[in-house]
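Below is one structure, written out as structure tokens; the observations come after it.
Below, read A as the first sequence line, B as the second, and so on, with proteins coming before strands; counting in each chain starts at 1.
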Amino acid sequence: MSTPEHIRADRYEPTAIEPRWQQRWAELGLHDTDLRDASKPKYYLLTMYDYPSGDLHIGHWYVKTPTDAIARFHRMHGENVFMPVGFDAFGLPAENAAIKNKIHPREWTQSNIDNMRRQLRSMGATFDWKSEVKTCDPGYYRWNQWLFLRFLEAGLAYRASSPVDWCPNDGTLAREQVEGADRHCWRCGARVEKRELDQWYLRITKYADELLDFSGIEWPEPIRIMQTNWIGRSEGAEVSFTTAPDDESSDRGPDGFGGDDLRVFTTRPDTLYGATFMVLAPEHHLVAKLTHPDQAAEVKAYVEAAGRETEIERMSTEREKTGVFTGSYAVNPVNGERIPIWIADYVLAGYGTGAIMAVPAHDDRDFAFARKFGLPIVRVIAGPEISDADVAVPMETAFVSHGTEERMVNSGPHTGLPAKEGFAKIVAMLEVQGKGKASVNYRIRDWLISRQRYWGTPIPVVYCDTDGIVPVPDDQLPVRLPDTVDYGGRGENPLKTDAAFVNTRCPQCGGPAWRETDTMDTFIDSSWYWFRYLSPADENAPVDRSIEARWCPVDQYTGGAEHAVMHLLYSRFFTKAMADLGMVHEREPFKRLFNQGQILGADGERMSKSHGNVQDPDKLVLRYGADTVRLFLMFMGPWDQGGPWSPTGIGGIGRFLNRVWHCALDPHGVEAGDPESGVLPAGQDTAAAEIALRTAAHRTLRVVSEEYAELRFNTMVAHLMELSNLLMRYRGTEAAGSAAWNEAVLLLLLMLAPAAPHITEELWARLAKARGEESGAGTASSIHSQPWPAVDDAAAAESEREVPVQVNGKLRDKVMVPVGIAEAELEAIVLARPKIVAALDGRVPLKVIHAGGR
RNA sequence: GGGCGAGUGGCGGAAUGGCAGACGCGCCAGCCUUAGGAGCUGGUGCCGCGUAAGCGGCGUGUCGGUUCGACCCCGACCUCGCCCACCA
């Protein structure tokens with residue numbers, strides 16, 4: 001039984017056992033969650049669904065296999081775990097592939113999904129396949145349309161004309177989908193341009209304030225910060241300036257100048273006395289009206305030039321300031337000064353009111369502008385280091401600090417006040433005078449969802465000459481994507497060429513009408529898909545409210561951080577909007593979020609087919625087995641870290657599992673290559689060896705339990721390796737096969753089961769058989785149905801421990817003492833140690849510190 | 001320009017105020033093998049002393065600070081990564 005020949009004959013061969021167990025788990029339906037089963041606590045575990053690009057790469061495994069370990073860990077704790085899977089099946093790559101390969105996007109997508117299903121199953125992951133969702137199914141996108149119509153009724157969806165980011169390949173983009181200083185498309189990398197278009201928007205701005213509130217959800221701080229910055233809430237004041245007549249003698253000059261209300265937003269009302277000019281965005285609606293005839297030609301030229309410039313050029317920080325004087329003036333409401341009104345492209349039309357009061361003394365941009373055009377710079381805020389006599393000294397740079405130390409100067413009756421106090425006083429004064437009020441501004445814009453593409457959800461409205469924009473009635477949903485579309489060419493949306501789709505009847509008047517041919521941003525699909533998993537076949541509603549009530553929010557969500565201001569923000573918006581419309585109860589979608597790191601190619605670049613650095617897991621699985629690949633990915637480093645892919649070291653995981661195999665099946669074997677093998681450590685008898693085994697096993701259980709709960713898989717695996725190394729040390733000795741040994745082996749298998757489900761299941765079954773137990777059908781015989789073991793605190797306690805001794809912070813000695821030794825006794829022992837005596841060199845310690853130590 | 005994060009052996013990493021380098025890779029030595037790019041055991045931060053067990057010193061990006069004691073906390077700087085970027 002224990003000869004080396006026997007071991008060779010029955011080696012650990014993962015590829016022989018893994019498919020067998022995967023099939024068996026599937027047959028038993030072990031992971032088809034009964035959502036109506038309330039006998040156990042629910043645990044909704046969600047991992048971001050994938051775009052069906054064709055092949056899983058190692059990065060997909062990096063997200064999914066630890067997630068599966070979480071699922072299995074929670075099942076062993078008696079929870080009813082739901083871990084669904086699906087496909088984000090709409091999107092441009094399918095369309096591009098269709099054009100290139102003359103294949104329908106549906107076929108391309110479906111064959112990719114089939115392949116990815118096979119690959120996903122090879123991980124041994126316990127997905128609930130009966131709840132699978134595919135967003136390109138009419139049964140799914142129908143509800144995108146239904147939700148859109150409800151949003152439309154509620155005023156959360158609207159159509160508007162405005163300048164949009166336009167990608168020459170992908171059409172319109174949401175603001176979040178334009179990246180980098182050169183303003184390129186997030187998907188294809190092409191530089192985007194601005195176009196004025198009629199497009200559909202969702203009113204995410206309505207929820208700006210609520211989206212800033214993260215209380216009640218446990219999300220990583222970087223994501224919260226990114227969303228907070230993206231929403232960009234600024235508190236300040238809106239201030240009304242009145243445009244001035246040409247001369248100071250009348251309210252309105254002979255040319256009709258003056259008397260217009262010119263409103264600005266400022267975060268620094270405390271600097272209002274320092275406003276020495278105003279600046280309008282070139283697109284501001286008062287530009288034409290405020291341009292003095294003398295300046296008309298110059299202004300016209302500037303505005304036209306600004307219009308021709310790309311967003312890239314205008315948004316460059318380094319660029320020198322440009323601008324032009326309108327010839328008009330405005331009156332500063334606090335001191336009555338006439339200040340010139342300029343036009344410059346550093347002021348953005350889309351933020352605030354599209355106009356600013358310029359305070360060059362206290363804003364870097366205004367300072368640069370004033371310098372260039374010779375405009376006055378007046379200091380109105382001074383730090384403590386500036387004496388009253390220095391206030392008038394010309395400034396070399398803008399002073400932007402706004403702390404508690406700063407005081408106001410040159411500010412009429414407010415001079416001398418602390419800046420913070422002046423802020424409030426000036427706002428109050430403006431309100432009394434009707435010239436301003438406290439105000440809040442946001443950077444976030446409404447979500448542009450129109451896409452000029454074929455492979456997406458049709459927006460369910462028609463255009464009628466009589467009735468205008470008419471929503472498609474619910475009973476006509478879904479508006480199906482037609483199959484017979486010629487998408488041979490580029491540029492135009494192929495749907496536009498499909499007359500049978502476009503030409504329709506107005507639901508209201510019955511007259512001729514035209515369908516909207518834009519489709520929805522695919523981020524709509526992912527903004528509520530976790531609700532659909534709960535009732536994927538429901539014909540009456542997007543989500544079954546009674547199931548949602550029990551299962552939401554999602555307990556744990558796992559996926560990449562690249563969606564910080566897209567998917568993860570849209571999902572929160574949708575959840576809040578759906579809650580307000582009475583469709584769901586919860587206002588937050590995901591209670592806990594974990595962002596795993598990204599696995600890069602071996603070259604340190606993002607994995608992509610174009611880089612040629614994609615790592616295919618299938619080959620690794622074929623060679624090492626799924627369990628080894630799973631463990632290796634967990635062992636590489638902290639899960640949130642990721643890093644460049646390198647398979648170096650995967651062999652170490654294989655050796656580890658081999659040792660587990662041998663400990664479990666061949667406890668009495670000895671290693672021919674090791675003279676120490678099968679011999680107890682010097683000075684240890686069998687009883688001591690058994691205590692050592694029990695202690696190690698239960699201490700390992702204690703720490704591994706914590707590590708699973710905290711998703712620290714790399715150290716979890718390391719601790720299991722330590723335990724298996726210890727077992728190997730005792731293999732073949734008198735302690736092997738003892739009760740303590742057997743307990744340690746079983747604990748090792750149970751602890752390893754969530755991470756390496758196949759080998760543990762195999763060994764569990766073989767050990768049961770060896771004990772003569774029936775290991776027939778039924779879920780109870782599976783290791784994955786066992787309860788998570790409890791730590792025996794008495795066993796985990798050690799009787800002795802090693803105490804490090806420092807003198808003046810330097811390690812000088814280590815001493816073994818019984819646990820619980822009195823401090824005085826310990827001190828006596830330590831002070832008698834020769835090394836300590838030598839280190840003290842006759843001196844008496846001033847202070848003896850007993851540090852922490854468990 | 002702003003925000004966030006990270007810098008530890010040849011490599012991935014461990015240790016978040018108390019023994020730096022757990023665990024693994026790689027490398028070295030030995031064993032076992034007909035053979036091995038298989039398996040097993042031991043060693044392995046750097047420098048110095050010693051035949052040796054061992055002893056001493058140095059060491060967590062740089063410079064300061066707090067502390068009996070700092071990879072860990074604080075300040076400044078350097079490097080790298082990610083996000084945002086003329087948002088008033």
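Taking every side-chain heavy atom of A/W230 into account, B/C84 is the closest of B/C68, B/C23, B/C84. Checking B/C25, B/A88, B/C23 against every side-chain atom of A/I356, the shortest atom distance belongs to B/A88. Distances from the side chain of A/M226 to the nucleotides B/C83, B/G13, B/A88 place B/C83 closest. Nearest to the side-chain atoms of A/N714 among the listed nucleotides B/A88, B/G13, B/C86 stands B/G13. Of the candidates B/G3, B/A15, B/C40, the closest approach to any side-chain atom of A/R659 belongs to B/C40. Nearest nucleotide to the side chain of A/D345, out of B/C86, B/A88, B/C23: B/C86. The side chain of A/R712 lies closest to B/A15, out of B/A15, B/C83, B/A88. Proximity note for A/M728 (side chain, C-beta onward) versus B/U41, B/C84, B/G3: the nearest is B/U41. Ranking B/G18, B/G3, B/G24 by closeness to the A/I225 side chain, first place goes to B/G3. Distances were taken from every side-chain heavy atom of A/R812 (C-beta onward) to each of B/G18, B/G57, B/C19; the shortest belongs to B/G57.
One finds a salt bridge joining A/R731 and A/D666 here, because a Lys/Arg side-chain nitrogen approaches an Asp/Glu carboxylate oxygen to under 4.0 Å.
OP1 and OP2 of B/G24 both lie 4.0 Å or more from every side-chain N or O belonging to A/R655. The phosphate of B/C82 (OP1 or OP2) has no side-chain N or O of A/N595 nearer than 4.0 angstrom. Of the side-chain N and O atoms in A/T648, none sit less than 4.0 angstrom from OP1 or OP2 of B/G12. Distances shown here put every side-chain N or O of A/Q641 at or beyond 4.0 Å from the OP1 or OP2 atom of B/A6.
A residue-by-residue look at A/F635 and A/E221 shows that A/E221 has its nearest nucleotide of RNA chain B further toward the 5' end. Residues A/H719 and A/G350 each lie close to RNA chain B; by heavy-atom proximity, the contact nearer the 5' end of the strand is made by A/H719.
A cation-pi arrangement is found for A/R379 relative to A/F399, the charged atom lying closer than 6.0 Å to the ring centre and inside a 45° cone about the ring normal. For the pair A/R630 and A/F635, the cation-pi test (distance below 6.0 Å, angle within 45°) is failed. Geometrically, A/K321 engages A/Y346 in a cation-pi contact, judged by NZ or CZ lying under 6.0 Å from the ring centre and within 45° of the ring axis. Geometrically, A/R443 engages A/W230 in a cation-pi contact, judged by NZ or CZ lying under 6.0 Å from the ring centre and within 45° of the ring axis.
A donor and an acceptor atom sit less than 3.5 Å apart, one in the side chain of A/Q806 and one in the base of B/G18.
Here the P atom of nucleotide B/C25 and the CD1 atom of A/I650 are 12 Å apart, to the nearest Å. Nucleotide B/A15 holds its P atom 20 Å from the CG atom of A/L811, rounded to whole Å. Rounded to whole angstrom, the span from the CZ atom of A/R731 across to the P atom of B/U41 amounts to 9 Å. Per the geometry, CG belonging to A/L631 stands 13 Å off P belonging to B/C25, to the nearest Å. As a whole-Å value, the separation of A/I849 CD1 from B/G17 C1' is 12 Å. Atom CG of A/L726 and atom P of B/U41 are 13 Å apart (whole Å). Between A/Q598 atom CD and B/C82 atom P there is a gap of 10 Å when expressed in whole angstrom units. Atoms CG (A/L348) and C1' (B/A88) sit 9 Å apart, rounded to a whole Å.
Taking atom P on both B/G42 and B/C49, the two are 30 Å apart, rounded to the nearest angstrom. Here, B/U16 and B/G69 have their C1' atoms 15 Å apart, quoted to the whole Å. B/G26 and B/C82 have their C1' atoms separated by 31 Å, with the value rounded to a whole Å. If you take atom C1' in B/U60 and the same atom in B/C86, they sit 41 Å apart, rounded to whole Å. To the nearest whole angstrom, the two P atoms, one in B/C25 and one in B/G57, are 33 Å apart. For B/C77 and B/G50, the C1' atoms lie 43 Å apart once the distance is rounded to whole Å. Across the C1' atoms, B/A38 and B/A52 are found 36 Å apart, a figure rounded to whole Å. As rounded to the nearest Å, B/G10 and B/C28 have C1' atoms that lie 13 Å from one another.
In this structure, A/F277 has its ring center no closer than 6.0 Å to that of A/F373.
Across all strands, A/N725 comes closer than 4.0 Å only to sugar-phosphate atoms, never to a base (heavy-atom distances). Using a 4.0 Å heavy-atom cutoff across all strands shown, A/S234 reaches sugar-phosphate atoms only and no base atom.
The side-chain contact (heavy atoms from CB on, under 4.5 Å) test with A/L752 singles out one residue from A/V704, A/L631, A/V717, and that residue is A/L631.
Atom-to-atom distance recorded for A/W61:CH2 and A/L633:CG is 8.0 Å, nearest 0.5 angstrom.
In secondary-structure terms, RNA chain B builds stems of at least 3 consecutive Watson-Crick or G-U pairs, each pair having both distances under 3.5 Å, at B:1-7 with B:78-84, B:10-12 with B:23-25, B:26-31 with B:39-44, B:45-49 with B:54-58, B:61-65 with B:73-77.
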### Message
Run the side-chain contact (heavy atoms from CB on, under 4.5 Å) test on A/L430 and A/L272 for me, step by step, so that the C-alpha distance in whole Å, both residues' side-chain angles and the decisive distance to 0.1 Å come before the verdict.
### Response
CA-CA 11 Å; A/L430 289 169; A/L272 193 43; 3.9 Å; yes
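Base orientation of B/G75: anti, since the glycosidic angle falls outside 90° of 0.
A 4.5 Å side-chain heavy-atom check between A/R833 and A/D813 finds at least one atom pair inside the cut-off.
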